[in-house]
Protein chains: 2
Amino acid sequence: MNLLFKALNDQTRRDILEMLREQDMTAGDIADKFDMTKPSISHHLSLLKQANLVVDIRKGQFIYYSLNTTVIDDIVKWFLKFNSNPTENENNQDS
Amino acid sequence: MNLLFKALNDQTRRDILEMLREQDMTAGDIADKFDMTKPSISHHLSLLKQANLVVDIRKGQFIYYSLNTTVIDDIVKWFLKFNSNPTENENNQDS
DNA sequence: TAGATATTTAGACAAATTTCTAAATATTAT
DNA sequence: ATAATATTTAGAAATTTGTCTAAATATCTA
């Protein structure tokens, strides 16, 4: 969970995920969409990869990045815990 | 979204959320659960509050913290985008 | 009012993060 | 082989973050 939340804690990386939702892209094409150097984007892609949010496949000179949505399922599960009452709780302090 | 992901990007803060899922707690009681000073916990609570993930209510000397689950709905919605194929326009948000 | 308790605010500092430039690696084409 | 293109790695600088201690604020009680 740590790497996952860390990867998501950056607007550029979230933007990359949203772009990859539309279609797979090469590292260079991704970098072209941002006002940022290629090494910086490469670093962001590395963090997304560490979190297993994306997968990369080399095709010749190019490296294609694509979403891995199975991790999304895990994180959604983590959040859904908070929407179900743990012990049917109205054990709250009311005035 | 920025404050939200920022708030979630810390194990201590995620632990606090999980504790508040069970029951509302005072700042002091929360701090007692961690090997960390009260000012540090107070800072974490401040970030959770900025993200609107928790709400605080003073009762006398004590300040009670409790979860705000409406924000969870928003973030889950953000994630569920990634589980529906954009080009084929399939909507699987019901669950 | 004074003292005790609960909590936050302020300021400092080390560690982590983001970004850059320069250089390295991998592949393709001439 | 050499050059060109695509991408990553390395190292450095600026910023942000997490934590601490000390001090401030708020409330309760004797």
**Message:** Please compare A:Ser40 and B:Ser46 by the position of their nearest nucleotide in DNA chain C and report the one closer to 5'.
**Reply:** B:Ser46
**Fill in**
Expected string for nucleotides 24-30 of chain C under the B/S/- scheme (protein heavy atoms, under 4.0 Å, primed atoms plus P, OP1, OP2 as sugar-phosphate) is ---BS--
**Asked** To the nearest 0.5 Å, how far apart are OG1 in A:Thr70 and CD1 in A:Ile75?
**Response** 12.0 Å
**From B:Arg13 atom CZ to B:Ile41 atom CD1, the distance as rounded to the nearest 0.5 Å** = 10.5 Å
**Prompt:** Atom CG in B:Asn68, atom CG in B:Asn52: separation rounded to 0.5 Å?
**Reply:** 5.0 Å
**Request:** Quickly work out the B:Met36 CE to C:dT7 P distance and round it to whole Å.
**Result:** 17 Å
**Request:** Return the value, rounded to whole Å, for the distance between atom CG of A:Asp56 and atom C1' of D:dA6.
**Result:** 13 Å
**Request:** Give, for atom CG of A:Asp24 and atom CD1 of A:Ile30, the distance between the pair rounded to the nearest 0.5 Å.
**Result:** 9.0 Å
**Prompt:** Between D:dT8, D:dT19, C:dA6, which one does the side chain of B:Phe62 approach most closely?
**Reply:** C:dA6
**Fill in**
Whole-Å distance, B:Asp35 CG to D:dG18 C1', equals 14 Å
**Request:** Can you tell me the distance, in whole Å, between the CD1 atom of A:Ile30 and the C1' atom of D:dT8?
**Result:** 14 Å
**Prompt:** Which pair of heavy atoms, one from A:Arg58 and one from A:Gln61, lies closest together, and at what distance?
**Reply:** NH1-O, 3.5 Å
**Message:** Can you identify which nucleotide, out of D:dT7, C:dT8, D:dT19, has its nearest atom closest to the B:Leu45 side chain?
**Reply:** C:dT8
**Asked** In whole Å, what is the span from the NE2 atom of A:His44 to the P atom of D:dT8?
**Response** 13 Å
**Request:** Output the distance between atom CD1 (A:Ile63) and atom CD1 (A:Ile57), rounded to the nearest 0.5 Å.
**Result:** 11.0 Å
**Prompt:** Would you say a side-chain N or O of A:Thr12 is under 4.0 Å from OP1 or OP2 of C:dT18?
**Reply:** no
**Nearest-Å distance for atom pair CG/C1', residues A:Leu8 and C:dT17** = 16 Å
**Message:** Quick check: closest heavy atoms across A:Leu67 and A:Arg21, and the distance to 0.1 Å?
**Reply:** CD1-CA, 3.7 Å
**Request:** Calculate, to the nearest 0.5 Å, the distance between atoms CE and CE belonging to A:Met25 and A:Met19 respectively.
**Result:** 3.5 Å
Can you pull every protein N or O that's under 3.5 Å from an N or O on nucleotides 14-17 of chain D?
unit_1 : atom_1 : unit_2 : atom_2 : d
D:dT17 : OP1    : B:Lys6 : NZ     : 3.3
D:dT17 : OP2    : B:Lys6 : NZ     : 3.2

**Asked** Side-chain N or O of A:Ser42 less than 4.0 angstrom from OP1 or OP2 on D:dT8?
**Response** yes
**Request:** To the nearest Å, give me how far apart CG (A:Leu3) and P (C:dA16) are.
**Result:** 14 Å
**Prompt:** Should A:Thr26 be listed as having a side-chain N or O under 4.0 Å from OP1 or OP2 of D:dT7?
**Reply:** yes
**Prompt:** Centroid-to-centroid, A:Trp78 to B:Phe79, below 6.0 Å?
**Reply:** no
**Fill in**
Among C:dT8, D:dG18, C:dC20, the one nearest any side-chain atom of A:Thr37 is C:dC20
**OP1 or OP2 of C:dT8 under 4.0 Å from side-chain N/O of B:Tyr65** = yes
**Asked** Rounding to a whole Å, what distance do you find between A:Phe34:CZ and C:dC20:C1'?
**Response** 17 Å
**Message:** Apply side chain to side chain contact (heavy atoms under 4.5 Å, CB included) to residues A:Leu20 and A:Ile16 and explain how you reach the verdict.
**Reply:** CA-CA 6 Å; A:Leu20 293 179; A:Ile16 291 173; 4.0 Å; yes
